[in-house]
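Each chain gets a letter, A, B and so on, in the order its sequence line appears, and its residues count up from 1.
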Amino acid sequence: MAIPSLKQWQRNILFAFHNDCSPSCNTPRARTLLASHIIQKHIHMDTGTHIKGPTIVWFRKSLRLHDNPTLQRAVQLASELFPLFILDPYYINPDKIGFQRFRFMLECMKDLDHSLRKYQSKLLVIYGEPVNVLENCCKTWKCSYLCFEKDSDIYSRNRDEKVLQRMKGLGVQCFVESGHTLYDLDMLVAKLNGNSPPTQMTSFLKFIEQIGPPPKPIETVRNIPPLRKELLSSISISKVPEIEEIPGYELITEPTPCPFQGGESKALERMQQALNREQGKWIVRFSKPHTSPVSLDPPSTTVLSPYIKCGALSVRLFFWELKRVEDSFSVKTKPPVSLIGQLYWREHFYLLGYTIPHFDQIQGNPLCKTIPWEHRQEWFQAWEQAQTGYPFIDAAMTQLKQWGWLHHLTRHVVACFLTRGDLWISWEKGKETFEKYLIDGDWSINAANWMWLSCSAFFTRYFRVYSPIAFPKKYDPHGNYIRYFLPVLRNMPNKYIYEPWKAPLKVQKEVNCILGKDYPLPIVDHEEMKKRNIQKMIQVFQNKS
DNA sequence: ATACCCGTTGCGCGT
DNA sequence: GACGCGCAACGGGTA
Ligand SMILES: Cc1cc2nc3c(=O)[nH]c(=O)nc-3n(C[C@H](O)[C@H](O)[C@H](O)COP(=O)(O)OP(=O)(O)OC[C@H]3O[C@@H](n4cnc5c(N)ncnc54)[C@H](O)[C@@H]3O)c2cc1C
């Protein structure tokens, strides 16, 4: 297949756009509603006062039909519905979004498209700067309404602000619905009564206890109106692209297949499997700190994070399904270690990301301790490129790129190693790497956890340092995890699998792995760096108090 | 004001 | 697959 260049691709899309959307359609339009205003209430709001009109539902996250308040709102308003996804050039860039992350998102889009087609509709996919794309679409389709889900990260909030401005000018009324979090974040902010948000889990739990449980999921939307014929039959404008068709990704070949496929149907299936595991006992015994970082088939946690991140799975649905299972048992684990507890961690970090300025960086972030990290490019590269000489670290960084998902404790070990444990490099750098490669890469959660691990916020006991040797050895004495991701070490004897530099040359030759040639020597001495860095931490904490 | 409690997930050693 | 201690002493919340 011929791969179009970025320019060609844009041209094709614009061409298709003009051909498919002749302004001859004669649909009702609420011309009286000139002022665009945001309605931030949840779904039960009365739409009876609004005349039906052509409506765009702009999908960004929430790539699902179930429990989707934004879609429900759009369907209520629509005389004609345009399900739209915009491929924003800001994101569509292999330096920002890695192969697996982008692949996963495209699979979610394809699944959504597939579901929409059952209603004679489909996902309209357009490449371009969102504000301009939306303006074009609204003009061409003579839209009265635009519906999208509330987003909380900085880029999205700025983008959405610009969109609202532009739509106001066009007289298109916008509806912004909460849906990505358990609770509407603005409702939580209001409940703070001007107090700063909780920074500890125990305080957060008290805070939401007084609010009560999150809303129950709403009915899956089933009355999606058909898409107008010209658009439905057009191939060029609408097709969810293959990853090879995207400029910049065409030459990247998938290293190994990632075991996780995107999409709402896979998400629901995966959730069901988790709920049914050991007839629910797996759920009620779940205790996060006791799950194993090295189990791969199946992993010891749900791996619902990439689905939740894309909104292929609703957190409220997951919450209430967990609640249902828990209610049928008398003995169960509790937050923060339980699975519901994990959803509370997410909510907690979302609220912080929403309210704390510059949450994703050190500068200007009132929660983040300023630690004098020192950037060493060769060390950073060794970490990122799985060349540290510590097999567990390198195996983990290989898994990050191949699968786009790591167990929580594996994230701990590599994050600790990069920052306070060994390399003394800023968590901001590590966060960027994670953001790029993780299929569940999430602005708030990623930043919060990096601050946690680096003792920059929330957690301060800096003498608790993960050993890249002792920690994984507890779970995996034979190093099977390492052997799986680092084939070069596959035949290393158990005795040396975590510390191959200790293998005598004779052994190295026998197993065809010469240190410094086939596999790197360790870039630092962990014991030495740990001692030195704890001393640095003592300095930092003394100077501050 | 001050002391004390306790926090999802450390290590290495001793018992 | 248990637990207690030193490590050297964080910090928000509560009494
Ligand atoms: C340095 C670092 C970076 C991280 N970056 C991300 C990220 O970009 N995106 C992300 O989703 N998670 C991130 N996490 C949190 C956590 O590691 C993952 O959410 C979890 O491993 C996902 O696997 P799971 O779905 O099997 O989790 P489960 O244990 O099955 O938990 C269920 C859900 O709860 C939520 N959750 C679980 N753990 C956390 C947590 N610690 N904080 C907030 N929410 C949580 C997730 O949505 C997850 O899908 C990071 C952790 C660390 C230490």
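- Out of dT9(B), dG12(C), dC10(C), the shortest distance to the side chain of T199(A) is found at dG12(C).
- Nearest to the side chain of Q542(A), among dT9(B), dT8(B), dA9(C), sits dA9(C).
- A salt bridge does not link E209(A) with K206(A): none of the charged nitrogens is closer than 4.0 Å to a carboxylate oxygen.
- When each of Y462(A), W345(A), W427(A) is paired with W452(A), the ring pair (Phe, Tyr, Trp, His ring centres under 6.0 Å) condition holds for W345(A) and for no other.
- Atom CG in N533(A) sits roughly 16 Å away from atom C1' in dC7(C) (whole-Å rounding).
- Residue K369(A) places at least one side-chain N or O closer than 4.0 Å to OP1 or OP2 of dG11(C).
- Ion pairing of E510(A) with K506(A) is present here, as a side-chain N (NZ or NE/NH1/NH2) and a carboxylate O approach within less than 4.0 Å.
- In this structure, R60(A) pairs ionically with D160(A), as a charged nitrogen and a carboxylate oxygen lie closer than 4.0 Å.
- An aromatic stacking contact between F471(A) and the base of dC11(B) is absent, as defined here by ring centres under 5.5 Å apart and ring planes under 30° from parallel.
- Taking only side-chain atoms of K474(A), from C-beta outward, the nucleotide of dG1(C), dG7(B), dT8(B) with the closest atom is dG1(C).
- Comparing the same atom, P, in dT14(C) and in dT8(B) gives a spacing of 14 Å after rounding to whole Å.
- Of the candidate nucleotides dC11(B), dC10(C), dT8(B), dC11(B) has the atom nearest to the side chain of S467(A).
- E527(A) comes within 4.0 angstrom of sugar-phosphate atoms only, judged by non-hydrogen atoms across all strands, and of no base.
- Spacing of P atoms, dC10(C) relative to dG12(B), comes out at 23 Å, to the nearest Å.
- Spacing between atom CZ of F286(A) and atom C1' of dT9(B) amounts to 11 Å, rounded to whole angstrom units.
- Between the C1' atom of dG7(B) and the CZ atom of F458(A) lies a distance of 14 Å, rounded to the nearest Å.
- Listed nucleotides dC10(C), dC11(B), dT9(B) differ in distance to W452(A); the shortest reach to its side chain belongs to dT9(B).
- Look at CZ on R420(A): it is 12 Å from P on dT9(B), rounded to the nearest Å.
- Looking only at atom types and distance, the side chain of R532(A) has no donor-acceptor partner in the side chain of Q535(A) under 3.5 Å away.
- For M201(A), the listed nucleotide lying nearest its side chain is dT8(B); candidates were dC10(C), dT9(B), dT8(B).
- Between Q539(A) atom CD and dA9(C) atom P there is a gap of 10 Å when expressed in whole angstrom units.
- Base contact: H408(A) has a heavy atom under 4.0 Å from a base atom.
- The C1' atoms of dC5(C) and dA9(C) are separated by 15 Å, rounded to the nearest whole Å.
- Distance NZ (K530(A)) to C1' (dG6(C)): 12 Å, rounded to an integer number of Å.
- Across all strands shown, V337(A) has heavy atoms under 4.0 Å from base atoms, whether or not it also approaches the sugar-phosphate.
- Pair check for dA15(C) finds dT2(B); Watson-Crick or G-U wobble, both atom distances under 3.5 Å.
- Set against dT8(B), dG13(C), dG10(B), the side chain of R464(A) has dG10(B) as its closest nucleotide.
- Using a 4.0 Å heavy-atom cutoff across all strands shown, S203(A) reaches sugar-phosphate atoms only and no base atom.
- By the 4.0 Å N-to-carboxylate-O rule, E107(A) lies too far from K266(A) to be salt-bridged with it.
- Shown here, dG12(B) forms a base pair with dC5(C); the pair counts as Watson-Crick or G-U wobble because both key distances fall under 3.5 Å.
- Looking at which nucleotide of DNA chain C each of I538(A) and Y475(A) is closest to, the 5′-most match is held by Y475(A).
- Spacing between dT9(B) and dG4(C) at atom P, rounded to whole Å, works out to 16 Å.
- dG10(B) atom P lies 10 Å from atom CG of L453(A), rounded to whole Å.
- Residue contacts for K334(A): at a heavy-atom cut-off of 4.0 Å it reaches no nucleic acid atom on any strand shown.
- Nearer to the 5' terminus of DNA chain C, by closest-nucleotide assignment, is the contact made by T460(A) (compared with the other of K206(A) and T460(A)).
- Between the side chains of H66(A) and E264(A), at least one donor-acceptor pair of N or O atoms lies under 3.5 Å.
- To the nearest angstrom, P of dC6(B) lies 16 Å from CG of L205(A).
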